[in-house]
Asker: 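Once you've had a glance at the structure underneath, I'll fire off some questions.
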Amino acid sequence: MAFQIPAFRRRTLLATSTGLLAAPAVLQAQGAPIKVGLVAVQTGPQAALGTQLRDGWMLGMRQLNNQLGGRPVETIVIDDELRPDVAVTKVRAALERDRVDFIVGVVFSNILQAIIRPVTEAGTFLISTNAGPSTFAGRGCNPYFFTTSYNNDQVHSVMGQAAQDAGYRRVFLMTPNYQAGRDAMAGFKSRFQGTVVDEVYVPLTQLDFSAELARIASLRPDAIFTFMPGGLGVNLVRQYRQAGLANIPFLSTFTVDEATLPAQGEAALGFYSAASWAPNMDNPANRRFVSEFEAAFNYVPATYAAQSYDAANMLNAAVRRVGGNLSDKNALRAAIAAADFQSVRGPFRFGVNQYPVQDFWLLQVARRADGKFQTETVRRVLEANVDPWAGECRMPARI
């Protein structure tokens, strides 16, 4: 026989739980701090990416007087250590012990895949400012999940289109062996109609590419396409140049960017990338962002920083839109979806799957007049692009 809670006990539990549910509204009325768990890898060779992401958020907070919608903010930085098990443990602590209102950040897709369930099942909004795996863009879309970056496939498809436009017939592909790497391959091939002469997956920890470079040299493709973030990209670019292969066009995503260029230097000059943003974009929001970022941190911001900065301004607008009351999840979700802020990349809105609809650009590494390196826009490749999985999303109207 099923265990039955006595009626008086049920009434006591109801009264207690009602009191607990009411407490956050009281705290909000008193202007209690909004707590944000900022997930950013701070350990190992990929820490440069997490530092960019963290600093972009922090600059946004500084400009907003450390407030969202007029309420003070407490940011708790969570180093995921690029280990999914560690990320889950730390994020659970942030949810259960610190009672954070938002989880923001995440560089790598394997970390996002690990934490999305505990965060969203807790009824907490997860705002990814970099990782955008295809798994949550289509049938796996989630009302508690937004990203200010992209769907992983999109950026890589820009390079597929660029290779197609350039008339390349034979291309060598190489990415790390994890979800974002597989998304990169799929994205590139979705628009490239030529021949893939080889498709190579390497461990996420690989730093020596001598075998792969020898393979490229023997195949002599028209171009290579690669996605090698962080330390992988630093080593690959240096070794590619040293191997005398720079005459083979180097097409990449998240391989030559402002997070890796300080270490790559001249080895990356002229190499291509693709993104929805670049430091030289000429609009008021971006000019202010880049100028104040460099003044504050003394290095050139990358997309990781730009997308986190956008997230800060997006959440500020959303919290203001709901009058600082975070208890009505449906109202808060609608406020976030409104994207009522000025993005550093220009036109920006959310699609049905809560992934951005935005322009994408072909970029090239250049040396600035001050000697620093950055990526700069060459041409717009995709305009107001909707990611390829959005049509499969059946997003519930209410949470």
Side-chain angles (χ1 to χ4, degrees), residues 20 23-28 30-44 46-108 110-131 144-149 293 296-297 304-305 307-320 322 324-327 329 332 336:
L20 288 172
V26 173
L27 290 174
Q28 288 166 3
Q30 295 172 344
I34 293 173
K35 292 186 177 182
V36 176
L38 182 68
V39 181
V41 58
Q42 302 288 282
T43 301
Q46 312 301 352
L49 312 187
T51 297
Q52 284 262 3
L53 185 151
R54 180 200 67 199
D55 289 349
W57 172 265
M58 292 304 187
L59 177 64
M61 287 292 96
R62 179 183 302 183
Q63 292 179 352
L64 295 168
N65 298 316
N66 206 39
Q67 295 181 342
L68 289 176
R71 288 183 56 187
V73 173
E74 178 185 346
T75 298
I76 301 167
V77 178
I78 300 169
D79 178 9
D80 60 53
E81 301 178 30
L82 199 49
R83 294 172 54 192
D85 57 331
V86 170
V88 169
T89 299
K90 291 183 177 181
V91 166
R92 284 191 187 278
L95 293 166
E96 297 167 7
R97 180 193 64 209
D98 301 315
R99 298 188 179 278
V100 295
D101 299 290
F102 300 98
I103 293 290
V104 174
V106 190
V107 174
F108 286 87
N110 58 338
I111 300 299
L112 181 66
Q113 289 175 311
I115 69 169
I116 190 169
R117 184 171 178 178
V119 175
T120 59
E121 286 185 352
T124 301
F125 285 100
L126 170 57
I127 315 295
S128 173
T129 64
N130 190 64
Y144 284 101
F145 176 67
F146 288 82
T147 175
T148 59
S149 55
F293 188 96
F297 303 110
Y304 312 97
Q307 292 158 178
S308 293
Y309 178 82
D310 268 358
N313 286 290
M314 179 191 74
L315 285 180
N316 176 60
V319 174
R320 188 174 302 281
V322 296
N325 180 7
L326 307 187
S327 60
K329 300 291 187 179
L332 181 57
I336 297 171

Asker: Please list all pairs meeting side chain to side chain donor-acceptor pair (under 3.5 Å) that have one or both residues in residues 47-61, counting only residues at least two apart or in different chains.
Answerer: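 Non-adjacent pairs meeting side chain to side chain donor-acceptor pair (under 3.5 Å): Q42-R54, D55-Y299, W57-T75.
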Asker: Which distance, rounded to the nearest 0.5 Å, do you find between the CG of L64 and the CZ of R320?
Answerer: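 Interatomic distance, L64 CG to R320 CZ, rounded to 0.5 Å: 8.5 Å.
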Asker: To check you understand the geometry: which heavy-atom pair defines the closest contact between G50 and A40, and what is its length?
Answerer: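 Shortest heavy-atom contact: O-CB, 3.5 Å.
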Asker: Taking all non-hydrogen atoms of both residues into account, name the closest pair between I127 and I336 and its distance.
Answerer: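 Nearest heavy atoms, I127 then I336: CD1-CD1, 4.4 Å.
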Asker: What residues, two or more places apart in sequence or in another chain, satisfy side-chain contact (heavy atoms from CB on, under 4.5 Å) together with A122?
Answerer: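 With sequence neighbours excluded, A122 shows a side-chain contact (heavy atoms from CB on, under 4.5 Å) to L95, T124, given in chain and number order.
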Asker: For a 4.5 angstrom cut-off between non-hydrogen side-chain atoms, does V107 reach Q46?
Answerer: no
Asker: Is the side chain of N130 donor-acceptor paired with the backbone N or O of V106 at a distance under 3.5 Å, no angle test?
Answerer: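 Such a contact is absent between N130 side chain and V106 backbone.
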Asker: Measuring only between side-chain heavy atoms, which start at C-beta, is Q67 closer than 4.5 Å to I34?
Answerer: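 In short, these two side chains do not touch, never coming nearer than 4.5 Å.
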Asker: Using atom types as modelled and distance alone, determine if a side-chain donor or acceptor of N325 lies under 3.5 Å from a backbone N or O of S327.
Answerer: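 Answer holds: yes.
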Asker: Working to the nearest 0.5 angstrom, can you tell me the gap between D101 CG and L326 CG?
Answerer: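 Result: 5.0 Å between the selected atoms.
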Asker: Using side-chain contact (heavy atoms from CB on, under 4.5 Å) as the criterion, list what pairs up with E81, not counting sequence neighbours.
Answerer: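 Applying side-chain contact (heavy atoms from CB on, under 4.5 Å) to E81 gives T43, D79, R83, V86, K90.
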Asker: Do D310 and T129 come close enough that some side-chain heavy atom pair is under 4.5 Å?
Answerer: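 SC-SC contact between D310 and T129 ruled out.
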Asker: Can you find a heavy atom in the side chain of F145 that is under 4.5 Å from one in the side chain of V119?
Answerer: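 F145 vs V119: side chains apart.
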Asker: Looking only at heavy atoms, what is the nearest atom pair of N316 and G69, with distance?
Answerer: OD1-N, 2.8 Å
Asker: Mind checking what makes salt bridge (charged side-chain N to carboxylate O under 4.0 Å, His left out) contact with E74, not counting sequence neighbours?
Answerer: none
Asker: Quick one: list whatever passes salt bridge (charged side-chain N to carboxylate O under 4.0 Å, His left out) with R117, sequence neighbours left out.
Answerer: E121
Asker: Could you check whether any side-chain heavy atom of F108 comes within less than 4.5 Å of a side-chain heavy atom of D80, counting everything from C-beta outward?
Answerer: no
Asker: Applying ring pair (Phe, Tyr, Trp, His ring centres under 6.0 Å), name anything that partners Y309, two or more places apart in sequence or on another chain.
Answerer: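 Expected list: F289.
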Asker: F297 and L59: side chain to side chain contact (heavy atoms under 4.5 Å, CB included), yes or no, with the steps?
Answerer: CA-CA 9 Å; F297 303 110; L59 177 64; 4.1 Å; yes
Asker: Atom CD1 of I78 and atom OG1 of T89: how far apart are they, to the nearest 0.5 Å?
Answerer: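 Here the interatomic distance stands at 11.5 Å.
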Asker: Can you tell me how far apart CD1 (I116) and CD1 (I103) are? Round to the nearest 0.5 Å.
Answerer: 12.0 Å
Asker: Under the 3.5 angstrom rule, does the side chain of S308 hit a backbone N or O of L53 as a donor-acceptor pair?
Answerer: yes
